[in-house]
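Just so it is clear, the model here is predicted, and its values are computed rather than measured. Numbered from 1 within each chain, the chains take letters A, B, ... in sequence-line order. Side chains are part of it too, since the values below use all heavy atoms of this structure and drop only hydrogens, waters and symmetry mates.
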There are 2 protein chains.
Amino acid sequence: MGITERREREKEEIRRKILDAARELFMTEGYDKVTMRRVADAIEYSPTTIYHHFEDKDDLVEALCHEDFAKLLQALDPAQMPADPIERLRQLGLAYARFALQNPNQYRFMFLTPREEHPHPEDSPGYQSFGVVRQMVADAKAAGRLRDDDVDAMAQTLWACVHGAVCLVTTFRPEQFPCVPPAPDLIERTVDASIRGLLKE
Amino acid sequence: MGITERREREKEEIRRKILDAARELFMTEGYDKVTMRRVADAIEYSPTTIYHHFEDKDDLVEALCHEDFAKLLQALDPAQMPADPIERLRQLGLAYARFALQNPNQYRFMFLTPREEHPHPEDSPGYQSFGVVRQMVADAKAAGRLRDDDVDAMAQTLWACVHGAVCLVTTFRPEQFPCVPPAPDLIERTVDASIRGLLKE
DNA sequence: CGCTATAAGTTAACGTTGTTAACACAGAGA
DNA sequence: TCTCTGTGTTAACAACGTTAACTTATAGCG
């Protein structure tokens, strides 16, 4: 009986429609402008329908980000990085930042929005991507290139620095930067300085 | 005619009441929970009254943060810092982070909330505090301790790194941190690594 | 086949929110 | 005394997330 399968396919189809319509709004206009009613309008269903596929608005956006962050995980693929452990870390930081700048709204929702109701699932690609950082720091340490022993702490330090640069650049438009416009290579500088700060001698 | 002066004093008084009531809500419950109606209830006026003192909700919160960030500027007072330019930078970063952790909601609103309608005034204490960083980096460079010449870029790099650590710590609760809980000294580590990354030799 | 439970969709509403129009009223200045 | 300005009110608007109540199709079962 392929009927239930067809039903499931149809259900999957509208879930897709919802996600794609929401992503369109989310990418161009941000979280606040993604309203259940606008998403519903876009797919020509009633707002209530969305609640048959997603628990609430946060659940919808979470699912949307889950998909997009899968692309981050791909972009951080260690296989595409150079051999030298330090140069690898550098490319990792740049790839991470590149994703964030290309998907600022997703990035904000994943890494900048406090959650009490719906914490991120631990196996979300956003979380997993930290695992990649961690592993690459461990490699650099194994190669004797890092000054410290605490791999987790060093990985978090690197993450914090790149995260900070990304946040500044995505929050302020250049003319809104305090005092002076952002250095055009602020991201690269931050990646470089934070890695250099962890190097042995 | 002290009448107009009394009027102005009274106007100032209720402005104070609004700000204090809003701050109470803002500090303990965050931006979303500061509603015009709750603020109005707290001071026993109608919601509309607030609009005679502030343009809109963002204007109110902006004024509130303006006051609080004056305290940041005090906390960054160079006179209270040690003599050695690098040690000064370190203490500056720690003081900055301390303020952010003590006033997370204000910090978010000032440095993490994109603005189109009401950009920060350029003379706001939040902006001015970047000037302090800039000056201290300039001093360190004048002392020949930094590897680079671009003072603005270096100041922004340091800012970005500390900002990132602060954002992580204030966004995620410890048990929500990806993979591993945050290193207890993540802030210090980030300050140290980022400064070390800018040092000469 | 006929009955029923379920899933998927709808309309209409509730309780919020920020904000504003319309109005009341006190009092300063002409 | 009249009028204008400032300060406050009530009542409403439009938009939001969400949900209760209802319809309708249909899969599964006797």
Side-chain angles (χ1 to χ4, degrees), chain A residues 1-19 21-26 28-65 105 109 113-118, chain B residues 1-19 21-23 25-26 29-65 105 109 113-118:
Chain A
M1 32 207 71
I3 295 172
T4 50
E5 276 120 33
R6 190 209 59 199
R7 291 284 223 144
E8 283 204 11
R9 224 181 318 128
E10 284 171 356
K11 175 152 186 170
E12 198 53 42
E13 238 168 62
I14 156 167
R15 189 186 150 93
R16 265 262 58 76
K17 278 189 179 181
I18 296 172
L19 280 170
R23 176 177 293 105
E24 171 72 21
L25 287 171
F26 192 52
T28 57
E29 309 196 48
Y31 181 87
D32 286 343
K33 296 300 176 58
V34 179
T35 71
M36 302 308 249
R37 287 169 172 86
R38 283 182 72 176
V39 173
D41 270 358
I43 61 171
E44 297 178 301
Y45 279 82
S46 78
T48 321
T49 299
I50 304 179
Y51 289 91
H52 286 129
H53 298 264
F54 300 93
E55 200 179 317
D56 55 23
K57 181 179 171 179
D58 271 18
D59 187 38
L60 165 58
V61 177
E62 174 73 43
L64 189 159
C65 289
N105 289 324
F109 187 76
T113 307
R115 301 287 167 64
E116 308 189 10
E117 314 274 323
H118 305 282
Chain B
M1 38 202 62
I3 294 172
T4 50
E5 274 119 32
R6 190 208 59 201
R7 292 282 223 145
E8 281 203 13
R9 224 181 317 129
E10 283 171 357
K11 175 151 186 172
E12 198 52 43
E13 237 168 64
I14 157 168
R15 189 187 151 93
R16 264 263 59 76
K17 278 189 178 180
I18 295 173
L19 279 170
R23 176 177 294 107
L25 288 170
F26 191 53
E29 310 195 47
Y31 182 87
D32 285 344
K33 297 299 175 59
V34 179
T35 72
M36 302 308 248
R37 285 170 174 85
R38 284 183 72 178
V39 173
D41 270 358
I43 61 171
E44 297 179 301
Y45 279 82
S46 77
T48 321
T49 299
I50 304 179
Y51 289 90
H52 286 129
H53 297 264
F54 300 95
E55 199 178 319
D56 54 25
K57 182 179 171 179
D58 272 18
D59 186 39
L60 165 58
V61 178
E62 174 72 43
L64 190 159
C65 289
N105 289 325
F109 187 76
T113 307
R115 301 286 168 64
E116 308 190 9
E117 314 275 325
H118 305 284

Any donor-acceptor pair under 3.5 Å from A:Asn105 side chain to A:Phe26 backbone: yes

Rounded to whole Å, the NE2-P distance (B:His52 to C:dA24) equals 15 Å

Here the distance between atom P of C:dT19 and atom CD of B:Glu55, to the nearest Å, is 9 Å

A:Asp56 CG to D:dT19 P, in whole Å, measures 8 Å

Here the distance between atom C1' of D:dT7 and atom CZ of B:Arg9, to the nearest Å, is 17 Å

What one should report as the nearest heavy-atom pair of A:Arg115 and A:Phe109 is NH2-O, 2.5 Å

Correct closest heavy-atom pair for B:Ala40 and B:Ile50 would be N-CD1, 4.0 Å

Report, one pair per line, the protein and nucleotides 13-17 of chain C atoms (nitrogen or oxygen only) whose separation is under 3.5 Å.
none

- request: Using only heavy-atom distances, determine whether the side chains of B:Tyr31 and B:Asp58 contain a donor-acceptor pair under 3.5 Å.
  value: yes

Atom NZ of A:Lys17 and atom P of C:dG9 are separated, to the nearest Å, by 10 Å

(message) Would the distance check show the side chain of A:Lys33 and the main-chain N or O of A:Thr28 forming a donor-acceptor pair, the cut-off being under 3.5 Å?
(response) no

NZ/A:Lys17: more than 12 non-hydrogen atoms of other groups inside 6.0 Å
no

Notebook entry, point to check: Between A:Lys11 and C:dA7, is there a side-chain N or O to OP1/OP2 distance below 4.0 Å?
Noted result: no

Atom CZ of A:Phe54 and atom P of D:dG17 are separated, to the nearest Å, by 15 Å

In short, A:Ala22 meets A:Val34 closest at the heavy-atom pair O-CG2, 4.0 Å

Testing C:dT10, D:dG8, D:dT18 for proximity to the side chain of B:His53, the answer is D:dG8

Answer with base, sugar-phosphate or nothing: what part of the nucleic acid does A:Tyr51 contact at a heavy-atom distance below 4.0 Å? base

note: B:Ile14, atom CD1; D:dG6, atom C1'; distance rounded to Å ~ 13 Å

note: A:Ile50, atom CD1; C:dT10, atom C1'; distance rounded to Å ~ 14 Å

**Report entry** Presence of B:Thr48 side-chain N/O under 4.0 Å of C:dT20 phosphate oxygens OP1/OP2
**Finding:** no

